[in-house]
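Below, all heavy atoms of this structure are taken into account, side chains as well, without hydrogens, waters or symmetry copies. Being a predicted model, the structure only gives us computed values, none of them experimental. Residues: numbered from 1 along the sequence shown.
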Amino acid sequence: MQLSTYFLSLQNPPSLSYRHRLCHHSLSKRPFRHKLICSLANSADQRSSELVTTLQSETLKTLEWPSLCHYLSPFTSTSMAFSLTKAAAIPVGQSREESQKLLDQTTSALHALEALKSEPLDLSVIEDVSEILHSAASGQVLTVRELCRVRRMLGAARAVSEKLAAIAEGGSLERYTPLLEILQGCNFQLELERKIGFCIDCSLSTILGRASEELELVREERKRNMENLDSLLKEVSVSIFQAGGIDKPLITKRRSRMCVGVKATHKYLLPGGVVLNVSSSGATYFMEPKEAVELNNMEVKLSNSEKAEEMAILSLLTSEIAESEAEIKYLLDRLIEVDLAFARAAYAQWVNGVCPILSSKESEMLISNGTDNALSIDIEGMQHPLLLGSFLSNSTDFITSNSMGPSVLGNKSGEMTPIKSSKVVSIFPIPIDIKVQCGTRVVIISGPNTGGKTASMKTLGLASIMSKAGMYLPAKKQPRLPWFDLVLADIGDSQSLEQSLSTFSGHISQICEILEVASKESLVLIDEIGSGTDPSEGVALSTSILQYLKNRVNLAFVTTHYADLSRLKEMDPQYENAAMEFSLETLQPTYQILWGRTGDSNALTIAKSIGFDGNIIERAKMWVESLMPEKQQERKGVLQQSLMEERNRLEAQFKRAESLHAEIMKLYHEVRSEAENLEERERALRVKETQKVEQELNAAKSQIETVVQEFENQLQTANSEEFNSLVKKSESAINSILKAHQPGDSFSFTETDTSSYQPVSGEQVHLKGLGNKLATVVAASEDDDTVLVQYGKIRVRVEKSNVRPISSTQRNNAISSRQSFERQGEQSREVPSNSDATESGAITYGPLIQTSKNTVDLRGMRVEEAEIQLDMAIAARGSNSVLFIVHGMGTGVIKERALEMLRNHPRVMKYEQENPLNYGCTVAYIK
């Protein structure tokens, strides 16, 4: 078979762009595949890989990792990634570097989701062609449809790479580098894609004639032969119809040969013809005319030749795919990684997750050397992922029908039991804090049953596995935790009748296997250690196990009801105690971890709240008192309750202080923002004043010109006797205009007066650089020629040469107002602090600071307009707030009307009139 010239030319395709070629994948380079959490130790003689795999599988099942992976399923786009999440086989890093790489990919995918909001990346077009590749490698010839599926997959993969490259070039390249590195080294098989597209029309699922020269010749010859055969059969069928041998001309195909229809009674019309078939009634014969035999033979021959040529083309394309099987499979693996990265990013958005920090031993040592209270695990506000997923899936319709979407409730053993009923109302999971100091190797959690010990321990286990798998955690801030090579758990009842194991034997067997495989980088979780046997022997065995774990693991979390285990911290700082909080008021657990504390089991309290018989409870209390003659238990409970109350009080004070600090900082930033714009406001004020002067000047000129024009007009008609009176009248009018536009006496001071003037603190002065505006002297410096003045809410230090005193009239008003203000007492302006107001029951108005948001300026308005503006400003203010009403000095009409409205307004608690430090402004206190 000889292929067409163009088809052969595809063996040397034009060079691809950087994002397409990247670099061809070498077959010797093994694909990077993550395995499940089976991180085997370096030394095979220390642990058995089979035992590690078994324990890890049991731990994943105990922590309900498959259920968490199910919540990731609806965020996948390809069927391959969906299958991995359903099977809980998503990639998990086998080293800290691999886990960090997965987290970087998730972060990069989050940036890509933000950048691709308008045109999301469509990975659903990536088809799973694994079976097709296997068939091609095994020697089976692929069909046209299978070849087209491979071509679509290659084209879609190339489109994904192009889109990721486009957003990387349009934004910050570092943000998208982890995603681009996934597809780096992939061969997108552009040559193979072009070959399939050149040979096959995938829209019609047919092989094109241009695929080979021989196929093209065969099809042309067959076309000519069919035209001759069709022409011949049409003539024969028409002649039969005209002879009455058929009701209408009929040409059809029987036994792969073209023939005509004829009545059985008119068979003689086709002498020498061959009967190929007979109708079911026997009335019609389907006969091949003698003249068409040779043409039919040629048609069968050419048809077979065409099929053989098409099969040869399919075989050639199949062999091309078989040769590229490894590279295409590698490309599929990389596309699955991209899909899972976007799925993890979408899941992080769904749970509002944050990226964890994976600390190493080196970084932990650096942190611990820097501070005494350094934390190796610092997780704040962590919510159980399964409980959160259940709550979100039940409260929103985000989870699609493809997901598991269960309601998850806690059962007796701490497992999260899936309930598929959508009618179950899930409770928002309570966040917990997990904080373990550097150097701590064993954490002992005590507390009541149903208090959340097991759920908290599972939360830590899931957080460790999620961070290893590159998933964000549903927590606050940025959680920090070590990278654990193994997460080993003994939680729940290990009883087995098949293996003749009791509850105690099952636990001990599991712990024995855990001790065998645990390493210095492992996390061990043990629930109810030493339970199921004699308490004294259980405490002894538990102590020995914990001392063994302390020197052989990174961290061990254990829960217990044995109070003696909590005393280990007194002997060794590598131990840490924690307790689950229990409210003695509500007799309910709060599910909060109290670090550094020991907890009571509160068994009698819980039994009483459940509804146990009162007599039994009383007898149990008597036994407790007899076993504890000094009533240590009661004192411990009272002490714990007082500590809890103190903690709550401190937390409330902290929240109040934080709220006040936030309010003060808000006002500070607002005042600072306005102060930074002082120069701009000064320039605007100068421009405004200049415009105002120009307007007044133009108005004066216009009025004078009008007077002169009237004088000239009257002069033309006046006689000599009226001339003097007209002159006097015009001069009087002009003098009136000039007098109306003359500045006040505040500008009449000479330079000599100004230079000898010494400002006094609290005095009102004019500022030359601010359009001669009024300001208040805050402090006058004796060492230099500067003075600190306040204009409105802005304080600034200026030279004394730029300060001029006010007129005598304004000074007298200022002195009288200041004396009146001093007589009122300083307390009329003060606002009680939050603590004082709370104790005395008075209303708290917050800091008395004037800003643009709590100020209404009525200057320059008419009385009616000022009334409306003031009423709107009072209505807009919130409760227990202040309002600054700037009415100016002026004639006092606006001020009097404003004070009258404040006296009669129902929302105004009280008001303070202007004072020497704040002329032209009244402060109103809003209810």
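Atom CH2 in Trp483 sits 9.5 Å away from atom CG in Leu358 (nearest 0.5 Å). To the nearest 0.5 angstrom, Met457 atom CE is 11.0 Å from Ile434 atom CD1. To the nearest 0.5 Å, the span separating CG on Leu204 from SG on Cys148 amounts to 10.0 Å. The distance from atom OG of Ser138 to atom CD of Glu325, rounded to the nearest 0.5 Å, is 9.0 Å. Here Lys61 contributes atom NZ and Ile491 contributes atom CD1; the two are 14.0 Å apart, rounded to the nearest 0.5 Å. Note that CD1 of Ile207 is 7.0 Å distant from CG of Leu215, once rounded to the nearest 0.5 Å.
Using a 4.5 Å heavy-atom threshold, the side chains of Leu486 and Val524 count as separate. Pro474 has its side chain within reach of Met382: a pair of non-hydrogen atoms, C-beta onward, lies under 4.5 Å apart. Counting heavy atoms from C-beta on, the side chains of Asp128 and Met80 come closer than 4.5 Å. Taking the side chain as every heavy atom from C-beta outward, Phe198 and Leu208 never approach each other to under 4.5 Å. Two residues are said to be in side-chain contact when any heavy atoms from C-beta on lie closer than 4.5 Å; Arg219 and Arg222 fail this criterion. The side-chain heavy atoms of Leu68 and Ile465, taken from C-beta on, include no pair separated by under 4.5 Å. Contact annotation: the side chain of Leu190 never approaches that of Leu154 to less than 4.5 Å [non-hydrogen atoms, C-beta and beyond]. For the pair Gln510/Ile514, a side-chain contact is recorded, criterion being any heavy-atom separation below 4.5 Å from C-beta on.
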Inset, instruction - Check the pair Glu320, Lys195 against salt bridge (charged side-chain N to carboxylate O under 4.0 Å, His left out), reporting the backbone distance first and the verdict last. - result: CA-CA 10 Å; Glu320 294 269 354; Lys195 284 182 179 181; 2.8 Å; yes

Inset, instruction - Take Leu192 and Ile328 through the side chain to side chain contact (heavy atoms under 4.5 Å, CB included) test and state the conclusion after the steps. - result: CA-CA 11 Å; Leu192 178 59; Ile328 297 176; 4.1 Å; yes

Inset, instruction - Could you go through the side chain to side chain contact (heavy atoms under 4.5 Å, CB included) check for Ile377 and Arg480 one step at a time? - result: CA-CA 5 Å; Ile377 298 181; Arg480 175 189 296 272; over 6 Å; no

Inset, instruction - Kindly determine whether Glu309 and Ser212 satisfy side chain to side chain donor-acceptor pair (under 3.5 Å), including the steps that lead there. - result: CA-CA 8 Å; Glu309 191 66 21; Ser212 71; 3.0 Å; yes

Inset, instruction - Could you please spell out the steps behind the salt bridge (charged side-chain N to carboxylate O under 4.0 Å, His left out) verdict for Arg149 and Glu127? - result: CA-CA 7 Å; Arg149 286 184 61 189; Glu127 299 184 49; 3.0 Å; yes

Inset, instruction - Assess whether side chain to side chain donor-acceptor pair (under 3.5 Å) is satisfied between Asp339 and Thr78, documenting all intermediate values. - result: CA-CA 7 Å; Asp339 189 13; Thr78 64; 2.7 Å; yes

Inset, instruction - Give the C-alpha distance, both sets of side-chain angles, the deciding distance and a yes or no for side chain to side chain contact (heavy atoms under 4.5 Å, CB included) between Lys468 and Ser464. - result: CA-CA 6 Å; Lys468 291 181 66 177; Ser464 304; 5.6 Å; no

Legend entry - Full working for side chain to side chain contact (heavy atoms under 4.5 Å, CB included) between Leu116 and Lys163: CA-CA 9 Å; Leu116 294 170; Lys163 200 157 191 176; 3.9 Å; yes

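In terms of modelled atom types and a separation under 3.5 Å, the side chain of His384 and the main chain of Thr459 share no donor-acceptor contact. One N or O on the side chain of Thr107 and one on the backbone of Leu103 form a donor-acceptor pair closer than 3.5 Å. Between the Ser161 side chain and the Arg158 main chain, no donor and acceptor come within less than 3.5 Å of each other. With hydrogens and angles ignored, the 3.5 Å screen pairs no side-chain donor or acceptor of Glu306 with any backbone N or O of Val218. Counting only distance, with no hydrogens or angles, the side chain of Thr59 and the backbone of Leu55 share a donor-acceptor pair below 3.5 Å. At distances below 3.5 Å, at least one donor-acceptor pair connects side-chain atoms of Thr318 with backbone N or O atoms of Leu314. Side-chain atoms of Thr106 come within 3.5 Å of backbone N or O of Leu102 as a donor-acceptor pair. Side-chain atoms of Ser99 never come within 3.5 Å of backbone atoms of Arg96 as a donor-acceptor pair (strictly under, hydrogens ignored). Glu146 places a side-chain N or O within donor-acceptor distance of the main-chain N or O of Thr143, the cut-off being under 3.5 Å. The main-chain N or O of Ile321 is never found under 3.5 Å from a side-chain atom of Ser324 such that the two would form a donor-acceptor pair.
Here the shortest heavy-atom pairing between Phe391 and Pro429 reads CB-CD, 4.2 Å. Taking both residues in full, the closest heavy atoms of Pro91 and Leu340 are given as CD-CD1, 3.3 Å, listed atom of the first, atom of the second, then distance. Counting all heavy atoms, side chain and backbone alike, Leu60 lies closest to Pro66 at O-CD, 3.5 Å. Nearest heavy-atom pair, Tyr176 versus Ile167, reported as atom, atom and distance to 0.1 Å: CE1-O, 3.6 Å. Closest heavy-atom contact between Pro74 and His70: CD-O, 3.4 Å. The heavy-atom pair separating Thr76 from Ser73 by the smallest distance is OG1-O, 2.6 Å.
Asp485 and Ser522 form a side-chain donor-acceptor contact under 3.5 Å, judged by distance and modelled atom types alone. Between the side chains of Thr454 and Asp527, at least one donor N or O lies within less than 3.5 Å of an accepting N or O. For Asn187 and Glu327, the side-chain atoms include at least one donor-acceptor pair closer than 3.5 Å.
Under the side chain to side chain contact (heavy atoms under 4.5 Å, CB included) criterion, Leu217 pairs with Glu220, not counting sequence neighbours.
Figure legend: Arg344 and Phe75 shown without cation-pi pairing, the cationic atom not lying both under 6.0 angstrom from the six-membered ring centre and within 45 degrees of its axis.
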